[in-house]
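Right, one structure below, let's go through it.
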Amino acid sequence: MNPISATLRSADLCALLGVSDQSLYRWMAHPYPPFHDFRRAPRGKMFAVPDTVARLRQRRKRGLHGSDLSEVVAFDAQVRAERARHGADDLWLGIDPEPRAEAFRAALTGEEGERARLVQKTVANTALDAGVPRVERLRQIVLIHPAAVRFILANEGDELPIGDAGWTAWIKAIDIVNIPTTEHKEAA
């Protein structure tokens, strides 16, 4: 996972959801979803929204919906906006993003699933038109890109590209930054 997209500290999640750290530990541990342990501020285990949504919807009785979900998505957008002001980049989706994307996809409900299909369709069509070689992989992993996550969960598309040229540039950048590790080994 890209540490830039890990925006939710355990303490932040407890505060946002109004739960104890023991409850959060019970939902998130065994095994932990991918996280980044920052040694500098902010300290603590940091989780990305897609992993948090997948885990809480699977293990929390109330899941993660409604106002709880809105607060988590808004908090994530605020943290990422602050990091972007300092030059942070969220194109890299981490090592082996496929299982994370699949878990996130499986956790989506109703309209979220429809928005995810719309993103996937747009990505696939754009990638085919642009001649990008890994269309199916891109279609799958783009779901965990923070801009796509925000659109899927909150129907807020202001971080998504605009127009054909914007989508093409975005897809090409995501493809280049996220080349599967097996292709790196074959090229060496």
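Only this structure's heavy atoms are used, side chains among them; waters, hydrogens and symmetry mates stay out.
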So do the side chains of [X] and [Y] get within less than 4.5 Å of each other, counting heavy atoms only?
{"X": "W170", "Y": "L160", "answer": "yes"}
{"X": "D175", "Y": "P133", "answer": "yes"}
{"X": "P99", "Y": "E102", "answer": "no"}
{"X": "D164", "Y": "T126", "answer": "no"}

Do other residues, nucleotides or ligands put more than 12 heavy atoms under 6.0 Å from the CD atom of E82?
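Count over threshold, so yes.
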Atom [atom1] in [X], atom [atom2] in [Y]: separation rounded to 0.5 Å?
{"X": "F104", "Y": "T52", "atom1": "CZ", "atom2": "OG1", "result": "10.5 Å"}
{"X": "L108", "Y": "L143", "atom1": "CG", "atom2": "CG", "result": "7.0 Å"}
{"X": "L13", "Y": "L8", "atom1": "CG", "atom2": "CG", "result": "4.5 Å"}
{"X": "L56", "Y": "S23", "atom1": "CG", "atom2": "OG", "result": "10.5 Å"}
{"X": "R57", "Y": "R62", "atom1": "CZ", "atom2": "CZ", "result": "13.0 Å"}
{"X": "Y25", "Y": "S10", "atom1": "OH", "atom2": "OG", "result": "11.0 Å"}

Assess whether salt bridge (charged side-chain N to carboxylate O under 4.0 Å, His left out) is satisfied between R80 and D76, documenting all intermediate values.
CA-CA 6 Å; R80 285 185 304 100; D76 169 71; 2.9 Å; yes
Backbone of [Y] reached by a side-chain donor or acceptor of [X] within 3.5 Å:
{"X": "Q120", "Y": "R139", "answer": "yes"}
{"X": "D12", "Y": "R9", "answer": "yes"}
{"X": "D68", "Y": "L17", "answer": "no"}
{"X": "R55", "Y": "M28", "answer": "yes"}

Is there a chain of hydrophobic side chains (I, L, V, M, F, W, Y, each step under 4.5 Å between heavy atoms) that links [X] to [Y]?
{"X": "I144", "Y": "V135", "result": "no"}
{"X": "V132", "Y": "V177", "result": "yes"}
{"X": "L128", "Y": "L118", "result": "no"}

Nearest heavy atoms of [X] and [Y], plus distance in Å:
{"X": "I141", "Y": "L93", "answer": "O-CD1, 3.4 Å"}
{"X": "G113", "Y": "R105", "answer": "CA-NH1, 3.8 Å"}
{"X": "R100", "Y": "A48", "answer": "NH2-CB, 3.9 Å"}
{"X": "S5", "Y": "P146", "answer": "CB-CG, 3.9 Å"}
{"X": "V149", "Y": "P50", "answer": "CG2-CG, 3.6 Å"}
{"X": "G94", "Y": "P97", "answer": "O-CD, 3.4 Å"}

Audit row: N125, W167, side-chain contact (heavy atoms from CB on, under 4.5 Å) steps and yes/no
CA-CA 10 Å; N125 290 339; W167 277 93; over 6 Å; no
I'd like to know if D90 pairs up with R83 as an ion pair, taking the criterion as any Lys NZ or Arg NE/NH1/NH2 lying under 4.0 Å from an Asp or Glu carboxylate oxygen.
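No, no charged N to carboxylate O under 4.0 Å.
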Give a yes or no on whether a salt bridge exists between E112 and R115, defined as a side-chain N under 4.0 angstrom from a carboxylate O.
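Looking at E112 and R115, the cut-off is not met.
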Evaluate the criterion side-chain contact (heavy atoms from CB on, under 4.5 Å) for residue pair R134 and N178; output intermediate values, then yes/no.
CA-CA 10 Å; R134 291 167 287 277; N178 292 285; over 6 Å; no
So is R60 actually on top of W27's ring, under 6.0 Å and inside 45° of the axis?
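Pair R60/W27 counts as cation-pi.
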Are a donor atom and an acceptor atom from the side chains of S67 and S70 found within less than 3.5 Å of each other?
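The answer is no; no qualifying pair exists.
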The test is side-chain contact (heavy atoms from CB on, under 4.5 Å); show your working for D129 and T168 and say whether it passes.
CA-CA 8 Å; D129 291 345; T168 300; over 6 Å; no
Quick one: do H65 and T109 satisfy side-chain contact (heavy atoms from CB on, under 4.5 Å)? Show the steps, please.
CA-CA 10 Å; H65 304 280; T109 61; 4.2 Å; yes
